[in-house]
Student: 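This structure is in structure tokens; I'll ask about it shortly.
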Amino acid sequence: MSSFATGSCDSAATLAASGAEKFARFKSSEFSKSVRIHAADEARRFYEQARRVCYDPKMRTVLAKNQATVCLRLVELRGYAETVALEGVIYTARDAANLLSEALFLACKDGEIVTLEKVRVDMERLSLAVASVLVDELDSKIKRVSRLEGLVKSLRGEHEDLIKLMLTKQSIRQLFVASDLALDPPNQESVNWRSSLSALEDAARSLREMEAYLRKLADSPLGSYLAFPDELEFIECSRERLQKSFLRSECLRSLYRADGMLGQLLELNEDFDVDLAWDIVDELVHCSKMAESGSGCILEQAMALAKVGRLFHMGLKLSSRAQPYLLNAMKLAAAISEVDGTAFFSQAWYRDAKTSLESIREQKAAADKENYDKQREPTLLKLKPKLDALDKAIDPAGVASKVAKAFNLAKHICENLQGKNETSMAKFTTAVEDLPAQSSDDFNKMLRKALLKAAMVYHPDKNDDHGLEWKVLCEEVSKRINNATCDLKGFC
């Protein structure tokens with residue numbers, strides 16, 4: 001080594017020692033924040049002077065890393081932005097990025113794998129520290145992203161792809177947060193699918209840039225020493241997240257478009273536009289199918305189904321077509337509630353869907369009852385001989401007591417009206433046969449128990465599968481059984 005080189009190394013070592021002394025003062029918690037920041041600035045200056053006079057590659061690597069460490073610790077220092085403002089923090093972060101990139105390049109040339117790994121860790125710390133400062137200083141996620149992107153663009157050296165990659169990674173994370181907040185805003189604010197799509201488009205662009213940085217790194221000499229599994233995993237996860245978030249945003253845009261058309265339809269008042277109504281149905285059905293095609297869009301699917309069901313019911317008056325959509329919407333809402341406890345009672349789409357579904361059920365029940373009553377009348381005429389015989393058996397002379405009527409009823413139906421459920425019928429028959437003498441104190445009580453067993457045999461809801469005639473007969477028998485058990489209450 002020449003005397004000039006030796007002298008320069010000695011000077012660099014002296015300056016580096018001074019820088020280390022100042023850095024030690026910075027790291028000490030004994031001093032105030034302003035004194036520590038001043039010490040760090042002096043350490044940076046000493047390290048910078050040492051780098052200028054040093055011509056030994058290995059020593060330059062150490063000096064660059066040490067100076068970068070001072071800058072990194074400043075960026076990480078809580079309250080640093082209060083002293084130098086946000087611009088000062090960004091300036092220091094840019095110095096740290098440049099210095100770490102220089103150290104990375106020099107360590108790669110000398111094959112110093114340990115140093116490469118340490119520099120890589122420091123770059124990761126720097127990207128996280130910058131993101132943390134931006135979160136503290138800026139409320140807007142988009143402004144944070146803008147600052148990160150500005151920092152990346154300011155790094156114009158040949159060996160800064162790794163730090164650019166890591167800063168871009170933080171930018172993508174902030175964009176995902178912005179998208180999520182737009183889709184799930186706090187404090188019941190309205191969903192902003194436009195902001196979400198804008199953030200996602202920026203995230204997709206940044207993800208492509210990150211992939212480009214990764215390809216360049218893999219093809220560079222650095223790729224021979226370092227692998228990037230975490231970054232590859234992040235890219236893969238980000239692709240999946242982009243796909244899900246894009247799909248959800250598109251579903252919300254479709255719902256917004258359908259609501260807009262629905263508003264136009266309602267403004268027409270008496271002039272109901274059937275073609276426009278069917279266009280809305282098509283839009284909502286498209287939205288529900290789109291939501292169904294991916295995960296994470298169950299709520300949007302439920303909303304679309306509820307709205308199309310409501311339009312079928314209230315607008316197009318097609319209740320039979322409305323009901324399946326409304327039922328599916330309610331099932332999806334119940335599934336969401338079961339998973340995360342979300343309650344939808346305060347949301348208009350849910351209340352409207354529930355109201356329509358209840359109205360359809362009431363209409364159907366009324367129509368079924370009317371239809372059943374029409375069929376019941378001729379059936380009653382056909383059953384009149386049997387029912388007359390039953391009433392005659394209950395009170396042959398028209399003067400029987402309530403207890404006697406109840407006993408006659410039990411005896412007649414046991415002997416003449418064999419129930420369809422053999423097990424229940426057998427229990428009823430046994431209860432009648434085991435009745436004590438009518439003079440017994442337990443007779444009334446045991447008779448009432450027998451009639452309660454008869455009620456189980458002839459209950460109409462338990463006899464739906466045996467034809468209309470048998471069901472109507474069971475209804476009439478049940479009426480008489482219920483009257484008899486009520487009459488016996490006063491005697492038990």
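All residue numbers refer to positions in the sequence shown, counting from 1. For clarity, every value in this text was computed on a predicted model and none was experimentally measured. FYI, side chains are in, hydrogens and waters are out, and symmetry mates aren't considered; it's all heavy atoms of this structure.
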Student: Quick one: pull up CG in Leu77 and OG1 in Thr83 and give me the separation to the nearest 0.5 Å.
Tutor: 7.5 Å
Student: Would you mind checking if Glu48 and Arg45 are paired as a salt bridge, meaning a charged N to carboxylate O distance below 4.0 Å?
Tutor: no
Student: Hey, does the side chain of Ser249 reach the backbone of Ser245 with a donor-acceptor pair shorter than 3.5 angstrom?
Tutor: yes
Student: Sub-3.5 Å donor-acceptor pair from the side chain of Ser196 to the main-chain atoms of Asn192, do we have one?
Tutor: no
Student: Mind listing the closest non-hydrogen atom pair of Tyr80 and Ile37 along with its distance?
Tutor: CD1-CD1, 3.7 Å
Student: Less than 6.0 angstrom from the centroid, inside 45 degrees of the normal: does Lys471 satisfy that with respect to the ring of Tyr372?
Tutor: yes
Student: Looking at Glu236 and Arg239, is there a salt bridge between them, counting it only when a charged N and a carboxylate O are closer than 4.0 Å?
Tutor: yes
Student: Are Arg241 and Asp180 close enough for a salt bridge, meaning some N to O gap below 4.0 Å?
Tutor: yes
Student: Taking all non-hydrogen atoms of both residues into account, name the closest pair between Asn463 and Val457 and its distance.
Tutor: ND2-O, 3.2 Å
Student: What do you reckon, is CD1 of Ile298 surrounded by more than 12 foreign heavy atoms closer than 6.0 Å?
Tutor: no
Student: Any chance you could lay out the side chain to side chain contact (heavy atoms under 4.5 Å, CB included) test for Arg44 and Asp41, step after step, and finish with the verdict?
Tutor: CA-CA 5 Å; Arg44 290 168 66 184; Asp41 288 339; 3.6 Å; yes
Student: Could you tell me which non-hydrogen atom of Ala204 sits nearest to which non-hydrogen atom of Leu242, and how far apart they are?
Tutor: CA-CD1, 3.8 Å
Student: So, does Ser146 use its side chain to make a donor-acceptor pair with the main chain of Ile142 at under 3.5 Å?
Tutor: no
Student: Please answer whether the main-chain N or O of Tyr458 pairs with a side-chain N or O of Asn421 as donor and acceptor at a distance below 3.5 Å.
Tutor: no
Student: Do you know the tightest heavy-atom contact between Arg120 and Pro229?
Tutor: NH2-CD, 4.5 Å
Student: Do Leu200 and Phe176 have side-chain heavy atoms sitting under 4.5 Å apart?
Tutor: yes
Student: Any chance you could lay out the side chain to side chain contact (heavy atoms under 4.5 Å, CB included) test for Phe246 and Leu197, step after step, and finish with the verdict?
Tutor: CA-CA 7 Å; Phe246 265 126; Leu197 282 175; 3.7 Å; yes
Student: Is the backbone N or O of Glu112 less than 3.5 Å from a side-chain atom of Asp110, with the two atoms forming a donor-acceptor pair by type?
Tutor: no
Student: Judged by atom type as modelled, is there a donor-acceptor pair below 3.5 Å linking the side chain of Ser254 to the main-chain atoms of Glu250?
Tutor: no
Student: For Cys54 and Leu63, which heavy atoms make the closest approach, and how far apart are they?
Tutor: CB-CD1, 3.9 Å
Student: Taking 4.0 angstrom as the limit, do Glu137 and Arg147 come out as a salt bridge?
Tutor: no
Student: Are Val70 and Phe26 packed together at the side-chain level, in the sense that at least one heavy-atom pair is separated by less than 4.5 angstrom?
Tutor: no
Student: Taking the side chain as every heavy atom from C-beta outward, state whether Leu222 and Asp161 have any pair of such atoms under 4.5 Å apart.
Tutor: no
Student: Just wondering, do Arg73 and Phe23 contact through their side chains at under 4.5 Å, heavy atoms?
Tutor: yes
Student: Are more than 12 heavy atoms, taken from residues, nucleotides or ligands other than Met261, located less than 6.0 Å from that residue's CE atom?
Tutor: yes
Student: Please check if the number of heavy atoms outside Glu117 that lie under 6.0 Å from its CD is greater than 12.
Tutor: yes
Student: Let me confirm one number: the CD-NZ distance from Gln174 to Lys141, rounded to the nearest 0.5 Å.
Tutor: 7.5 Å
Student: Counting only heavy atoms not in Glu338, do more than 12 sit closer than 6.0 Å to its CD atom?
Tutor: no
Student: Would you sort out whether Phe228 and Leu217 count as a side chain to side chain contact (heavy atoms under 4.5 Å, CB included), showing the intermediate values?
Tutor: CA-CA 9 Å; Phe228 305 95; Leu217 287 167; 4.0 Å; yes
Student: For Asp230, does the CG atom have more than 12 heavy-atom neighbours from other residues, nucleotides or ligands under 6.0 Å away?
Tutor: yes
Student: Does the side chain of Leu262 come within less than 4.5 Å of Leu265's, by heavy atoms?
Tutor: yes
Student: Quick one: does Ser179's side chain have a donor or acceptor within less than 3.5 Å of a partner on Leu175's backbone?
Tutor: no
Student: Atom CG of Leu104 and atom OH of Tyr225: how far apart are they, to the nearest 0.5 Å?
Tutor: 11.5 Å
Student: Please tell me if the side chains of Arg51 and Leu99 come closer than 4.5 Å, counting only heavy atoms from C-beta onward.
Tutor: yes
Student: Checking Ser18 side chain against Thr14 main chain: does a donor-acceptor pair fall under 3.5 Å?
Tutor: yes
Student: Which pair of non-hydrogen atoms, one from Ser337 and one from Phe344, has the smallest distance, and what is that distance?
Tutor: OG-CE1, 3.6 Å
Student: Report the relative orientation of the aromatic rings in His159 and Phe105; use parallel for angles under 30°, tilted for 30 to 60°, perpendicular for over 60°.
Tutor: parallel
Student: Salt-bridged, Arg376 to Asp373, with N to O below 4.0 Å?
Tutor: no
Student: Take His313 and Gln363 through the side chain to side chain contact (heavy atoms under 4.5 Å, CB included) test and state the conclusion after the steps.
Tutor: CA-CA 12 Å; His313 175 229; Gln363 291 171 4; 4.0 Å; yes
Student: Under 6.0 Å from the ring centre and within 45 degrees of the ring axis: does the NZ or CZ of Lys169 meet both conditions for the six-membered ring of Phe234?
Tutor: yes
Student: Please examine the side chains of Gln375 and Val472, heavy atoms only from C-beta on, and report whether any two atoms are closer than 4.5 Å.
Tutor: no
Student: Between Arg253 (side chain) and Arg194 (backbone), is there a donor-acceptor pair under 3.5 Å?
Tutor: no
Student: Ser206 side chain to Asp202 main-chain N or O, any donor-acceptor pair under 3.5 Å?
Tutor: yes
Student: Near Lys244 NZ, under 6.0 Å, is it more than 12 heavy atoms from other residues, nucleotides or ligands?
Tutor: no
Student: Pick out which of Lys143, Arg144, Arg205 makes a salt bridge (charged side-chain N to carboxylate O under 4.0 Å, His left out) with Glu149.
Tutor: Arg205
Student: Which donor-acceptor pairs under 3.5 Å do side chains of residues 299-311 form with protein atoms, sequence neighbours excluded?
Tutor:
residue, atom, partner, partner atom, Å
Glu300, OE2, Arg248, NE, 2.9
Glu300, OE2, Arg248, NH2, 3.4
Lys307, NZ, Asp259, OD1, 3.2
Arg310, NH1, Asp352, O, 3.2
Arg310, NH1, Ser356, OG, 2.7

Student: Any salt bridge linking Lys164 with Glu209? Criterion: basic side-chain nitrogen under 4.0 Å from a carboxylate oxygen.
Tutor: no
Student: Rounded to the nearest 0.5 Å, what separates atom OG in Ser319 from atom CD1 in Ile360?
Tutor: 4.5 Å
Student: Would Asp122 and Lys118 pass as an ion pair if we require N to O under 4.0 Å?
Tutor: no
Student: Find the distance between OG (Ser127) and CG (Leu162) and round it off to the nearest 0.5 Å.
Tutor: 9.5 Å
Student: Calculate, to the nearest 0.5 Å, the distance between atoms CG and SG belonging to Asn66 and Cys71 respectively.
Tutor: 11.0 Å
Student: Between Lys289 and Glu292, does any NZ, NE, NH1 or NH2 come within less than 4.0 Å of an OD or OE carboxylate oxygen?
Tutor: no
Student: Show every donor-acceptor pair shorter than 3.5 Å between a side-chain atom in residues 321-335 and any protein atom, with sequence neighbours excluded, or say none if there are none.
Tutor:
residue, atom, partner, partner atom, Å
Asn328, ND2, Pro324, O, 3.3

Student: Take a 6.0 Å sphere around OH of Tyr256 and say whether it holds more than 12 heavy atoms from other residues, nucleotides or ligands.
Tutor: no
